[in-house]
Chemist: 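First the structure, then my questions, so here it is.
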Amino acid sequence: QVQLVESGGGSVQAGGSLTLSCAASGYTSTIYLMAWFRQAPGKEREGVANMMTGGGSAYYAESVRGRFTISQDNAKNTLSLQMNSLKPDDTAMYYCAAANRGVKWSGFMPSSFTYWGQGTQVTVSS
């Protein structure tokens, strides 16, 4: 089992920045990919960014590319999301997620991920 705990959400004005963190614990050796998702009220959960454990290239949704940066510290088992130039449309609950090696990859969507954090709220005002 893997536990994920997010932190760093909050309220910010448009154009501002926030950094989210996710601390992973437990059987982290079973994870091969970590990601950030977000879900706004009345909308489906969408993938924001992902990165293979151990490094490698990152993937970003088009809506955040160039503004958000995903990174990880393998020594500390933490995943971060640096969010710059925030827009009101970025307002959502943000979730950290981890993909298990034994689960079939079906694309960058929630069903490909086994472990989830409790979420942290990000609110961007205009």
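Quick note: numbers below take in every heavy atom, side chains included, and nothing from hydrogens, waters or symmetry partners.
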Chemist: Please tell me whether Leu81 and Phe37 are part of a single hydrophobic cluster in this structure, the criterion being side-chain heavy atoms less than 4.5 Å apart.
Modeler: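 In one cluster with Leu81: Phe37, no.
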Chemist: To the closest 0.5 Å, what do you measure between CG (Asn77) and OG1 (Thr28)?
Modeler: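 Atom-to-atom, Asn77:CG and Thr28:OG1 are 4.0 Å apart.
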Chemist: So among Ile70, Leu4, Asn50, which one has a side-chain contact (heavy atoms from CB on, under 4.5 Å) with Met34?
Modeler: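 Single pass found, and it is Leu4.
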Chemist: Test ring-ring contact (aromatic ring centres under 6.0 Å, His included) on Phe108 and Tyr60 and set out the steps.
Modeler: CA-CA 10 Å; Phe108 189 21; Tyr60 297 93; 9.9 Å; no
Chemist: For Gln82 and Ser17, indicate whether the former's side chain and the latter's backbone hold a donor-acceptor pair under 3.5 Å.
Modeler: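 Checked: no pair found.
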Chemist: Should Met52 and Met109 be counted in the same cluster of Ile, Leu, Val, Met, Phe, Trp and Tyr side chains packed under 4.5 Å apart?
Modeler: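 As far as the 4.5 Å side-chain criterion goes, Met109 and Met52 are not connected within one cluster.
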Chemist: Check Met51 against Ala58 and note the closest heavy-atom contact, atom names and distance.
Modeler: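 That would be CE-CB, 3.9 Å.
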Chemist: Nearest 0.5 Å, please: how far is CG in Leu86 from OG in Ser11?
Modeler: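 Output value for this atom pair is 11.0 Å.
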Chemist: Closer than 3.5 angstrom, by distance alone: can the side chain of Arg45 be matched with the main-chain N or O of Gln39 as a donor-acceptor pair?
Modeler: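 Absent.
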Chemist: Hey, mind stepping through Leu20 and Tyr95 against side chain to side chain contact (heavy atoms under 4.5 Å, CB included) and telling me if it holds?
Modeler: CA-CA 10 Å; Leu20 306 182; Tyr95 298 90; over 6 Å; no
Chemist: Indicate the atoms forming the closest heavy-atom contact of Gly9 with Val122, along with that distance.
Modeler: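 Here Gly9 and Val122 meet closest at CA-CG2, 4.3 Å.
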Chemist: Take Thr91 and Thr123, measure what side chain to side chain donor-acceptor pair (under 3.5 Å) needs, and give me the verdict at the end.
Modeler: CA-CA 5 Å; Thr91 296; Thr123 302; 5.3 Å; no
Chemist: What are the two closest non-hydrogen atoms of Ser106 and Ser111, and how far apart are they?
Modeler: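 Looking at all heavy atoms of both residues, the closest pair is OG-OG, 3.1 Å.
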Chemist: For Arg65 and Tyr59, run side chain to side chain contact (heavy atoms under 4.5 Å, CB included): C-alpha distance rounded to whole Å, both residues' side-chain angles, the deciding distance at 0.1 Å, then the answer.
Modeler: CA-CA 9 Å; Arg65 197 168 296 149; Tyr59 170 83; 4.0 Å; yes
Chemist: Closest approach of Val12 and Leu18, non-hydrogen atoms and distance?
Modeler: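 Heavy atoms of Val12 and Leu18 come nearest at CG1-CD1, 4.1 Å.
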Chemist: Which is it for Ser21 and Lys76 under the side chain to side chain contact (heavy atoms under 4.5 Å, CB included) test, yes or no, and what are the steps along the way?
Modeler: CA-CA 11 Å; Ser21 295; Lys76 298 181 179 180; over 6 Å; no
Chemist: For Asn100 and Tyr32, which heavy atoms make the closest approach, and how far apart are they?
Modeler: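 Heavy-atom minimum between the residues: O-CE2, 3.4 Å.
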Chemist: Might you point out which heavy atoms bring Val48 and Tyr94 nearest each other, and give the distance in Å?
Modeler: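 Closest approach of Val48 to Tyr94, heavy atoms only: CG2-CE2, 4.3 Å.
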Chemist: Does Trp36 form a side chain to side chain contact (heavy atoms under 4.5 Å, CB included) with Cys96? I'd like the steps, not just the answer.
Modeler: CA-CA 5 Å; Trp36 289 97; Cys96 175; 4.0 Å; yes
Chemist: Checking side-chain polar atoms at under 3.5 Å, does Ser125 have a donor or acceptor matched by the opposite partner on Gln13?
Modeler: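 Note: Ser125 and Gln13 side chains miss the donor-acceptor criterion.
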Chemist: Using a 4.5 Å cut-off on heavy atoms from C-beta on, say whether the side chain of Asp90 contacts that of Arg38.
Modeler: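 When only atoms from C-beta onward are counted, Asp90 and Arg38 do touch, with a gap below 4.5 Å.
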Chemist: Mark yes or no for whether Glu6, through its side chain, and Gly119, through its backbone, hold a donor-acceptor pair below 3.5 Å.
Modeler: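 Indeed, once roles are kept as given, a pair shorter than 3.5 Å links the two residues.
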